[in-house]
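Scroll down for the structure; my scribbles are underneath it.
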Amino acid sequence: MIVRLSAAALLACACASAHAARPFVTDDARIVDPGGYQVESYVKQQRNAREDEFWFLPAWNPGTSVELTFGGYSLHNAEEGRARALIAQAKTLLVPLRANDFGLAVTLGALGQDPLGSTGGLRWGPYVNLIGSRSWFDDAVVVHANAGLLDDRSAGVTRYTWGLGGEIAAGPRLWGIVEAYNQKGEKPSGQIGLRYWVLPNRLQVDGTLGAQPAASPHRSWISVGLRFLF
């Protein structure tokens, strides 16, 4: 079951900026400010299965054009037990995203997975993700597109991944998001969500409703998260 979540782990691991990131799975062409830190944490619960996830993803920019992330998640399935994964990643900007313009970024990293039912410990696989973002109306609308490749050594396959998401300003502190994403060998997933800045560009709360409608059995979920920049 953890293999099904590889795309989510890959695409969610380093989203960091004053606007995008949580609750997106799709990454954006922004990084944490030089010398800055970010912590993202959220819980995700399947609505038609007894399964829960907990994610913890801290990021740091040491004062360069590179953002570093090291974190992971744990999953508990009432029938199949527990699984976990760790993420180690570096992200850099090729073209910084500016208002009414486009930006490009790339991430390189490794995903260590300990699948449900496994007794062999973490199995690490490298990945790369190419990211493009486009801004309109002074950042009131921003669209992000991802294309990636993951060497999933826990399953012994190479997975192509993609994501497409949009964020829309609904007020000074409120944003709406919509996105779709997938990996090779799985059915596409989609979600909608909201983020609200309790303290602008410092403390954010967010949530999503998502589904994988073509999966068998059908999967749907809810997530609630917190994001802190300092």
Side-chain angles (χ1 to χ4, degrees), residues 7-42 54-73 85-112 124-135 138-140 142-150 161 163 165-167 169 173 175 177 179 181 193 195-206 208 223 225-230:
L10 168 60
L11 295 171
C13 51
C15 304
S17 71
H19 296 293
R22 268 292 302 172
F24 272 107
V25 169
T26 306
D27 208 347
D28 62 341
R30 305 181 180 114
I31 60 175
V32 173
D33 292 339
Y37 297 83
Q38 173 186 258
V39 176
E40 290 183 333
S41 183
Y42 64 98
F54 173 74
W55 293 68
F56 184 74
L57 296 167
W60 172 51
N61 183 333
T64 66
S65 60
V66 177
E67 174 193 283
L68 304 175
T69 298
F70 184 78
Y73 67 92
L86 293 177
I87 299 160
Q89 178 181 277
K91 176 181 177 182
T92 189
L93 300 179
L94 305 177
V95 178
L97 176 63
R98 296 184 175 89
N100 306 310
D101 207 343
F102 72 95
L104 299 173
V106 62
T107 59
L108 297 172
L111 176 64
W124 288 89
Y127 64 82
V128 60
N129 191 34
L130 302 178
I131 305 156
S133 297
R134 181 65 167 87
S135 164
D138 296 328
D139 284 344
V142 186
V143 174
H144 313 288
N146 292 187
L149 184 67
L150 167 67
T161 66
E167 54 183 287
R173 299 189 182 189
W175 292 74
I177 72 106
E179 67 176 330
Y181 52 91
R195 69 162 66 97
Y196 178 76
W197 287 104
V198 179
L199 298 174
N201 298 329
R202 284 289 180 265
L203 181 62
Q204 170 192 302
V205 294
D206 52 67
T208 67
S223 76
L226 183 70
R227 181 171 169 230
F228 181 46
L229 297 106
F230 56 99

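Sequence positions, counted from 1, serve as the residue numbers for this chain. This one's a predicted model, so the numbers in the text were calculated from it and none came from an experiment.
Considering all non-hydrogen atoms of both residues, Phe24 and Thr26 come closest at CB-O, 3.3 Å. Annotation for Arg22 and Ser223: closest pair NH2-OG, 3.3 Å, computed over non-hydrogen atoms. Minimum interatomic distance between Ala29 and Ala105 (heavy atoms only, all atoms of both residues): CA-CB, 3.9 Å. The two residues Arg173 and Val198 make their nearest non-hydrogen contact at NH1-O, 2.9 Å. Closest heavy-atom contact between Leu97 and Gly103: CD1-N, 3.6 Å. Heavy-atom minimum distance, Pro34 versus Gly63: CB-CA, 3.9 Å.
Taken from OG in Ser135 to CZ in Phe102, the straight-line distance is 12.5 Å, to the nearest 0.5 Å. Taking CG from Leu68 and CG from Asn61, the interatomic distance works out to 7.5 Å, rounded to the nearest 0.5 Å. Here Ile87 contributes atom CD1 and Phe56 contributes atom CZ; the two are 12.5 Å apart, rounded to the nearest 0.5 Å. Annotation: the span from Asp139 atom CG to Arg98 atom CZ amounts to 12.0 Å, rounded to 0.5 Å. The structure places CH2 of Trp175 at 10.0 Å from CH2 of Trp197, a figure rounded to the nearest 0.5 Å.
Using a 4.5 Å heavy-atom cutoff, the side chains of Asp27 and Asn129 are in contact. A 4.5 Å side-chain heavy-atom check between Thr69 and Lys91 finds every atom pair outside the cut-off. Side-chain atoms of Thr161 and Asn146, non-hydrogen and from C-beta on, never get closer than 4.5 Å to each other. In this structure, the side chains of Leu86 and Trp124 come closer than 4.5 Å at one or more pairs of heavy atoms. No side-chain heavy atom of Thr208 sits less than 4.5 Å from a side-chain heavy atom of Glu179.
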For this session: Please test Leu229 against Asn201 for side chain to side chain contact (heavy atoms under 4.5 Å, CB included), starting from the C-alpha separation and ending with a verdict.
Result: CA-CA 7 Å; Leu229 297 106; Asn201 298 329; 5.8 Å; no
For this session: Verify side chain to side chain contact (heavy atoms under 4.5 Å, CB included) between Val142 and Asp28, making sure each step is shown before the conclusion.
Result: CA-CA 9 Å; Val142 186; Asp28 62 341; over 6 Å; no
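Under the rule for a side chain to side chain donor-acceptor pair (under 3.5 Å), the partners of Asn100 that lie at least two apart in sequence or sit in another chain are Asp138. For Ser65, the side-chain contact (heavy atoms from CB on, under 4.5 Å) partners at least two apart in sequence or on another chain are Thr92. The ring-ring contact (aromatic ring centres under 6.0 Å, His included) search around Phe228 returns Phe230, not counting sequence neighbours.
Although no hydrogens or angles enter the test, the distance criterion places no donor-acceptor pair under 3.5 Å between the side chain of Thr107 and the main chain of Ala90.
Note: Tyr37 and Trp60 have parallel aromatic rings, judged against thresholds of 30 and 60 degrees for the angle between ring planes.
Side chains of Glu167 and His144: a donor-acceptor N/O pair is present below 3.5 angstrom, by distance only.
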